[in-house]
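Side chains are part of it too, since the values below use all heavy atoms of this structure and drop only hydrogens, waters and symmetry mates. Computed from a predicted structure; not experimentally measured.
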Amino acid sequence: MRWDIFCKVIDNHGDAGVCWRLARGLAAGGETVRLWIDDPSALAWMAPGGCKGVEIVTWNRRDAAQRAAAGPPPDVLIEAFGCDPEPELIARFAEPVRPGGARRVWINLEYLSAEPYVERLHGLPSPVFKGPGTSLTKHFFYPGFTPATGGLLREGDLLERRQRFDRAAWLAQQGIAWHGERLVCLFCYEPPALDALLAQFESAGEPTHLLVTAGRAARALPPGPARRGALYITWLPHLPQTDFDHLLWACDLNFVRGEDSLVRALWAGSPFVWQIYAQDDDAHHTKLGAFLDWLEAPPSLRRFHHLWNGMAEGELPALDDAALASWGAACAAARACLLAQDDLLTRLLRFVAQKS
């Protein structure tokens, strides 16, 4: 089938990251995909070389009508995170289907959450009553952590690749000197407890090698030398998605942010701390709590999340072997639960087949 995925880059690169993984997964299964994205600049390093079967369309609202008329309407329209394609694009999608053809399917791909409403709303129809899409029906598709949701993006060969991964070889390829010390990935916004984390690493009894991702994490780090007590810092360039996954696989502890990297940290299987995207009305507090409940996070991991996200005050729990072992056990159990479920792409294809 022909798929059009619409993406607005709102928060850093997370929206683009999710949509690119979805587009790439569809193309790997033989689908034809156009990714409409208003700022494709990040794809130059996130997905160098592109992907066979995926056409990147720079989504310029001024020429939306012209681009819409340039090819046949899609069989499936995915509106990622409520990004509102132009009326001309919806009108093209709403054109009559040829006799005997399958109905077109309009999906509103929502944000990831572990909150109870996700199971209630996943798959529900939303009839369109005005505009060029009148008489059509959108369907809500909610990613999630349970069988009653849309699931999580996961490649079919992910575990096999994870098992074959050679940490030392990958680090050497990246020019990262590693001598067996603890490796920690830092991918964050500007967490309130960042200085406290660095101080803990600097005074720890064992050495820590902090791998800092490009962008906001690097800018949030206080200026200083690479060597700071027991802490050594390496600043990384922007990494393609495949190498970002490898980074998470290589590290003993991962600090991640937003939606895409949270999912990738779950598949990595190592202990992790999630910085959730902050909302003005503090709705993210409830969202984070629901995730930690689903994870069955041990008390120290829950406490660390609250401090890392600015939801509490006090000292960070110690990142000693006992704490990381308990965090790792919770993450491993959660991953095993998820691996027993179908992935998001499998559920999406099944859902589309039912509606078309």
Side-chain angles (χ1 to χ4, degrees), residues 1 3 5 14 17-19 21-26 28-29 31 76 78-82 105-126 137-163 245 248 256 258-272 274 276-277 283-284 286-298 301-302 305 327-356:
M1 293 187 292
W3 299 66
I5 302 173
V18 171
C19 291
R21 288 191 193 274
L22 176 58
R24 190 179 66 181
L26 287 165
E31 309 293 323
V76 185
I78 295 183
E79 186 180 344
F81 317 123
V105 182
W106 188 351
I107 300 288
N108 196 340
L109 179 66
E110 293 288 346
Y111 288 101
L112 173 65
S113 179
E115 295 169 90
Y117 74 83
V118 170
E119 291 189 342
R120 296 196 305 270
L121 299 183
H122 174 63
L124 289 184
S126 177
T137 300
K138 292 186 190 183
H139 286 89
F140 293 106
F141 197 92
Y142 278 86
F145 303 94
T146 68
T149 69
L152 303 177
L153 284 168
R154 183 181 80 237
E155 303 82 46
D157 64 345
L158 178 67
L159 282 190
E160 181 184 352
R161 290 188 290 112
R162 177 71 177 95
Q163 291 168 355
D245 290 346
L248 298 181
V256 294
E259 180 172 323
D260 180 61
S261 65
L262 168 64
V263 175
R264 307 317 290 189
L266 281 164
W267 299 140
S270 299
F272 65 87
W274 180 33
I276 192 169
Y277 181 71
H284 60 290
T286 301
K287 186 174 182 178
L288 179 60
F291 173 73
L292 294 173
D293 289 343
W294 170 82
L295 186 64
E296 297 184 0
L301 181 55
R302 186 179 293 268
H305 271 88
W327 296 10
C331 296
R335 185 174 75 159
C337 176
L338 292 170
L339 290 172
Q341 305 174 24
D342 287 334
D343 64 279
L344 184 147
L345 192 54
T346 298
R347 300 188 209 193
L348 178 61
L349 291 168
R350 185 165 59 230
F351 186 83
V352 167
Q354 293 168 352
K355 303 302 177 183
S356 61

Side-chain heavy-atom pair [X], [Y] within 4.5 angstrom cut-off:
X	Y	value
Phe141	Ile78	no
Leu301	Glu296	no
Arg264	Arg21	yes
Leu22	Leu344	yes
Glu259	Val18	yes

Spacing of [atom1] belonging to [X] relative to [atom2] belonging to [Y], to within rounding of 0.5 Å:
X	Y	atom1	atom2	answer
Arg347	Thr149	CZ	OG1	5.0 Å
Glu79	Asn108	CD	CG	5.0 Å
Phe272	Ser261	CZ	OG	9.5 Å

**OP:** Identify whether NZ of Lys or CZ of Arg in Arg154 sits under 6.0 Å from the centre of the six-membered ring of Trp267 and within 45° of that ring's axis.
**Re:**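 Flagged: Arg154 positioned over aromatic ring of Trp267.
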ring-ring contact (aromatic ring centres under 6.0 Å, His included) partners for [X], two or more places apart:
X	value
His305	none
Phe291	Phe145, Trp274, Trp294
Phe140	none
His139	Phe351

Original post:
So, the side chain of Glu31 versus the backbone of Met1: is there a donor-acceptor pair under 3.5 Å, distance only?
Top reply: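 Between the backbone of Met1 and the side chain of Glu31 there is a qualifying donor-acceptor contact (under 3.5 Å).
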Original post:
Can you list the residues that meet the salt bridge (charged side-chain N to carboxylate O under 4.0 Å, His left out) rule with Lys355, with sequence neighbours excluded?
Top reply: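 So Lys355 forms no salt bridge (charged side-chain N to carboxylate O under 4.0 Å, His left out) with any residue.
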So, for [X] and [Y], which heavy atoms are closest and what is the spacing to 0.1 Å?
X	Y	answer
Leu112	Lys287	O-CE, 2.8 Å
Ser270	Cys331	O-SG, 3.9 Å
Asp260	Gly14	CB-O, 4.5 Å

Subject >> Residue pairs passing the salt bridge (charged side-chain N to carboxylate O under 4.0 Å, His left out) test where at least one lies in residues 328-344, sequence neighbours excluded >> reply: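 Sorted result for residues 328-344: Asp342-Arg350.
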